[in-house]
*Asks:* 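Please see the structure below; I have some questions.
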Amino acid sequence: MAEYIARKENMLEEDVVLIKTAALFHDAGFINSVADGHEEASILMAQDRLPQFGYTKNEIKAIAGMIQATSIPQEPKTKLESILADADLEYLGTDNFERIGTNLYFEIKHTNPNLSISEWNDIQIKFLQSHQYHTPYCIQYRNPTKQKNLELLIEQKNES
C-alpha cells in the first residue's frame, strides 16, 4: 500500500524506494520488542542493516522519520512520512476494516484476555474519530469509507 500511495502521489522513483524500505522495516521491531516502542526498535534495525546495502546517512534518516511517523498518534512532518503513516492505517478507510479489526482484536486478546468485543469497538470508535489521513489520495479516497466504518461501529454499539 505504501508503494501504491506513493505512486498515486506522483513521488520520484528514488523516494518510492525509500518508502518501500521504510515500509519493510516499520514493524520489524516487533521481533525483539513489545508493542509500545516497537518503532524505535525498527529504526535501530534499519540503522544497523541499511548501510551495508548502500543507503546513505540522509536516506537512513528519512527512513527513520517515516518509521517514527507510524507511531500513534501519527505526526508526520514530511510528504514521505505522510505516505507511510497513511499506508500503515489505510485499512481504516476500506472494506477490509471489519476483517482486519477483528484480527487485531484477537491479536490484542493475547496480551489482554479480558478485553470484550464491546470494549474493543469503543477503542475503535475513539480511534477512528481521532484519526486523520495526511495525503491527498487517502483524504479523497479513504476518508469516505472510514466515515462509513465509524458509523457502522456506532450503530452496532447503539443496537447492543
*Asks:* Taking atom types as modelled, is there a side-chain donor on Q124 or N121 under 3.5 Å from an acceptor on the other?
*Replies:*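 Result is yes, a qualifying pair exists.
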*Asks:* If I take atom CG from residue L84 and atom CD1 from residue I5, how far apart are they, to the nearest 0.5 angstrom?
*Replies:*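 The CG atom of L84 sits 9.0 Å away from the CD1 atom of I5.
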*Asks:* For G101, is there any backbone N or O sitting under 3.5 Å from a side-chain donor or acceptor partner on W120?
*Replies:* yes
*Asks:* Taking everything shown except K148 itself, do over 12 heavy atoms lie less than 6.0 Å from its NZ?
*Replies:*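 Open: at most 12 neighbouring heavy atoms sit under 6.0 Å from NZ of K148.
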*Asks:* Between Y91 and M1, is there a shared hydrophobic cluster once you connect ILVMFWY residues whose side-chain heavy atoms come closer than 4.5 Å?
*Replies:*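 Each belongs to a different hydrophobic cluster.
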*Asks:* Measuring only between side-chain heavy atoms, which start at C-beta, is I60 closer than 4.5 Å to R49?
*Replies:*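 Not in contact.
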*Asks:* So, does E59 use its side chain to make a donor-acceptor pair with the main chain of T56 at under 3.5 Å?
*Replies:*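 A pair under 3.5 Å: yes.
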*Asks:* What pairs meet the side-chain hydrogen bond (donor to acceptor under 3.5 Å, both in side chains) rule with one or both residues in residues 103-119, with sequence neighbours excluded?
*Replies:*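 Listed by first then second residue: S116-E119.
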*Asks:* Could you go through H26 and S42, starting from their C-alpha distance and side-chain angles, then the distance that decides it, and tell me whether this counts as side chain to side chain contact (heavy atoms under 4.5 Å, CB included)?
*Replies:* CA-CA 6 Å; H26 91 281; S42 298; 5.7 Å; no
*Asks:* Quick check for you: to the nearest 0.5 Å, what is the distance between Y141 atom OH and T135 atom OG1?
*Replies:* 11.5 Å
*Asks:* I need the full list of ring-ring contact (aromatic ring centres under 6.0 Å, His included) pairs touching residues 66-88, with sequence neighbours left out, sorted by first then second residue.
*Replies:* none
*Asks:* Could you state the interatomic distance from CD (Q147) to CG (L92), rounded to the nearest 0.5 Å?
*Replies:*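 That separation rounds to 12.0 Å.
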*Asks:* Strictly below 4.0 Å, N to O, side chains only: are E3 and K8 in salt-bridge contact?
*Replies:*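 Answer for the salt bridge query: no.
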*Asks:* Out of V16, T21, D15, which one pairs with L18 under the side-chain contact (heavy atoms from CB on, under 4.5 Å) rule?
*Replies:* D15
*Asks:* Let me check something: do L80 and V17 share a hydrophobic cluster, defined by ILVMFWY side-chain heavy atoms less than 4.5 Å apart, either directly or through other members?
*Replies:* yes
*Asks:* Around atom CD of E98, are there more than 12 heavy atoms from other residues, nucleotides or ligands closer than 6.0 Å?
*Replies:* no
*Asks:* When rounded to the nearest 0.5 angstrom, what is the spacing between CD1 in I83 and CG in D88?
*Replies:* 13.5 Å
*Asks:* Please test T145 against F97 for side chain to side chain contact (heavy atoms under 4.5 Å, CB included), starting from the C-alpha separation and ending with a verdict.
*Replies:* CA-CA 9 Å; T145 304; F97 171 75; over 6 Å; no
*Asks:* Side chain to side chain contact (heavy atoms under 4.5 Å, CB included) between L115 and I123: does it pass, once the steps are laid out?
*Replies:* CA-CA 10 Å; L115 182 68; I123 290 167; 4.0 Å; yes
*Asks:* Say you draw a straight line from CD1 of I125 to OG of S130; how long is it, rounded to the nearest 0.5 Å?
*Replies:*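 OG of S130 is found 12.0 Å from CD1 of I125.
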*Asks:* Return yes if some donor-acceptor pair links the side-chain N/O of Y133 with the main-chain N/O of G93 below 3.5 Å, else return no.
*Replies:* yes
*Asks:* Quick one: does E81's side chain have a donor or acceptor within less than 3.5 Å of a partner on K77's backbone?
*Replies:* yes
*Asks:* Is it possible for you to say whether F30 and F106 belong to one hydrophobic cluster, with membership spreading through side-chain heavy-atom contacts below 4.5 Å?
*Replies:* no
